[in-house]
K.L.:
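What follows is a structure written as structure tokens; I'll ask about it next.
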Amino acid sequence: MAGQAQPGTDMDSLDTLLDALKTLHPKLIDLSLGRTQALLAKLGHPERRLPPVIHVAGTNGKGSVTAYLAAMLRAAGKRVHVYTSPHLVRFNERIALGAADGTTAPISEPALAALLARVMTVNGSSPITFFEITTAAAFLAFAETPADALVLEVGLGGRFDATNVVEAPRLAVITPISMDHADKLGDTLEKIAFEKAGILKRGCTAVVSQQPASVHEVIAARARDVGASLAVLGRDFDAYAQGGRLVVQCDDRLLDLPLPALIGRHQIVNAGTAVAAALQLPELGLDERAIARGLQEVRWPARMQRITHAPLLDRLPPGSELWLDGGHNPAAGDTLALTLADLEEKSSKPLFLIVGMMGTKDAAGFLAPFKGLAAGIITVPLPRAHEPPHAPEALARAANGLGFASEPASDVDGALAVVRGRVHGPVRVLICGSLYLAGALLASVQGLRPQSN
């Protein structure tokens with residue numbers, strides 16, 4: 001029941017606190033700004049005391065762009081806070097604080113527990129969703145820890161996302177928009193774009209990545225309505241790979257940069273968008289040298305991440321590759337398939353997918369781009385899913401219906417055993433379909449106990 005969680009002396013663990021926060025509202029997601037605004041007012045408006053905010057929305061690539069911008073800012077010698085969601089293994093990953101030594105690291109779990117207890121006390125029994133109250137806690141942490149910038153990733157949508165209480169961001173970024181969360185954001189690209197464009201504010205510049213024409217129209221209309229200016233990929237800047245380099249052209253300026261450390265053709269667009277955003281922030285020292293270093297030093301787990309030192313890899317034949325990606329919508333399927341096709345061209349190996357997905361996701365749309373590329377698909381349950389997932393048996397039937405040789409397995413270990421039983425030589429395996437699945441795998445690799453989202 002909403003309103004029954006109260007902090008107390010028995011709440012001596014972060015897990016207990018996080019579980020209690022989930023009881024403050026009957027719904028996990030209930031998009032609104034009012035509850036967050038009311039709580040922030042009680043907390044003394046920390047959202048008005050933040051470092052300059054770079055607000056990032058989109059369907060695909062927003063996490064990568066967030067990571068690029070944070071890496072560039074650190075390379076420029078700046079203290080940078082970062083807010084992302086969901087977490088992969090432990091909740092404190094979401095709230096990363098910049099330090100005087102130039103690093104950005106997750107808030108310590110004891111500090112997070114104390115912060116959450118403070119916010120719970122102030123909130124009392126008022127109904128509020130898990131994401132809303134934890135975002136309020138994040139704003140408190142960011143306001144109370146000095147920094148030069150905050151890269152703030154939208155949780156879901158934009159217009160009614162709890163992060164959108166920031167009234168005057170320094171810069172907004174909108175990454176590629178595609179179909180996802182249609183049950184919450186709308187059943188057309190235009191409706192989803194309207195929600196994402198809700199982060200645009202009067203007097204703020206927005207850097208807009210590659211979009212369908214109808215999406216551009218929606219974003220442009222919102223910009224006109226609020227008096228925001230736009231820098232648009234393909235019109236105001238361009239990004240492409242050439243001669244093993246990333247070339248970004250903005251107006252009369254041409255930047256010759258190293259390719260980003262994150263792999264995949266789609267990362268050219270993501271990196272180029274981040275570079276264009278960085279060029280809008282000259283007061284933060286984001287010169288070409290810092291931008292180049294950031295592109296090379298960026299790290300973003302579970303985005304075409306190669307697993308090289310894990311017992312899981314030992315379950316595959318020698319010479320095999322094991323990859324991990326949290327992509328879960330049709331657009332992500334397209335980009336992953338292109339990336340794997342490029343890998344196949346460089347080094348040919350049979351490709352197998354190990355897939356687990358949330359039940360609200362378009363499984364057929366995600367899997368279809370792999371036709372002719374994947375030798376087989378093994379489906380697995382989703383650990384720690386906060387909504388009903390696709391049952392492995394049903395997911396396997398969907399894959400078989402698309403022409404894949406597919407079967408369910410009880411877990412990733414079982415799926416790897418299926419792969420080894422089918423092929424005796426080196427293989428390429430991609431574990432994909434959900435950030436929850438990716439987080440469970442990383443938890444096992446790191447020897448940590450995962451926390452649910």
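Positions are given from 1, in the same order as the sequence printed here. No experiment lies behind these values; they were computed from the predicted model shown.
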K.L.:
Do any N or O atoms from the side chain of Thr175 and from the backbone of Asn60 form a donor-acceptor pair under 3.5 angstrom?
P.N.:
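Side chain of Thr175 to backbone of Asn60: a pair is present.
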
K.L.:
Mark yes or no for whether Gln296, through its side chain, and Pro260, through its backbone, hold a donor-acceptor pair below 3.5 Å.
P.N.:
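Between the backbone of Pro260 and the side chain of Gln296 there is no qualifying donor-acceptor contact (under 3.5 Å).
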
K.L.:
If you round to the nearest 0.5 Å, how far is NE2 of His266 from CG of Leu338?
P.N.:
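Output value for this atom pair is 9.5 Å.
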
K.L.:
Out of the candidates Thr163, Thr135, Thr66, only one should pair with Tyr83 under the side-chain hydrogen bond (donor to acceptor under 3.5 Å, both in side chains) rule; please name it.
P.N.:
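For Tyr83, the side-chain hydrogen bond (donor to acceptor under 3.5 Å, both in side chains) test succeeds with only one of Thr163, Thr135, Thr66, which is Thr135.
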
K.L.:
Tell me whether Arg79 is salt-bridged to Asp148, with the criterion being a basic N under 4.0 Å from an acidic carboxylate O.
P.N.:
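Looking at Arg79 and Asp148, the cut-off is not met.
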
K.L.:
So, Asp325 side chain and Cys432 main chain: donor-acceptor pair closer than 3.5 Å or not?
P.N.:
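Pair absent, no side-chain N/O of Asp325 close to backbone of Cys432.
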
K.L.:
Between the side chains of Arg422 and Glu407, is the shortest nitrogen-to-carboxylate-oxygen separation below 4.0 Å, so that they form an ion pair?
P.N.:
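Judged by the 4.0 Å cut-off on N to carboxylate O distance, Glu407 and Arg422 do form a salt bridge.
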
K.L.:
Verify, without hydrogens or angle tests, whether Arg303 (side chain) and Pro301 (backbone) share a donor-acceptor contact under 3.5 angstrom.
P.N.:
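Pair found, side chain donor or acceptor close to backbone of Pro301.
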
K.L.:
Please check this pair: side chain of Thr103 against backbone of Ala99, looking for a donor-acceptor N/O pair closer than 3.5 Å.
P.N.:
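A pair under 3.5 Å: no.
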
K.L.:
With the threshold set at 4.0 Å, does a side-chain nitrogen-carboxylate oxygen contact exist between Arg315 and Asp413?
P.N.:
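Looking at Asp413 together with Arg315, the answer is yes, because their closest N to O distance falls below 4.0 Å.
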
K.L.:
Give a yes or no on whether a salt bridge exists between Lys346 and Asp342, defined as a side-chain N under 4.0 angstrom from a carboxylate O.
P.N.:
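Salt bridge: no.
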
K.L.:
Would you check if the side chain of Thr145 reaches a backbone N or O of Ala141 as a donor-acceptor pair within less than 3.5 Å?
P.N.:
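Such a contact is found between Thr145 side chain and Ala141 backbone.
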
K.L.:
Would you call the rings of Phe142 and Phe139 parallel, tilted or perpendicular, taking 30° and 60° as the class edges?
P.N.:
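If you compare the ring of Phe142 with that of Phe139, the planes turn out tilted.
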
K.L.:
Do NZ/NE/NH1/NH2 and the carboxylate oxygens of Lys184 and Glu195 come within less than 4.0 Å?
P.N.:
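Result for this pair is no, no salt bridge flagged.
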
K.L.:
Is Glu344 salt-bridged to Lys349, cutoff N-O under 4.0 Å?
P.N.:
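A salt bridge is absent here (no side-chain N lies under 4.0 Å from a carboxylate O).
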
K.L.:
Give every residue pair that meets the side chain to side chain donor-acceptor pair (under 3.5 Å) criterion with at least one member in residues 354-379, sequence neighbours excluded.
P.N.:
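Output for this query lists Asp180-Lys361.
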
K.L.:
Are Phe352 and Phe404 close enough that their ring centres sit under 6.0 Å apart?
P.N.:
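So the answer is no for these two rings.
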
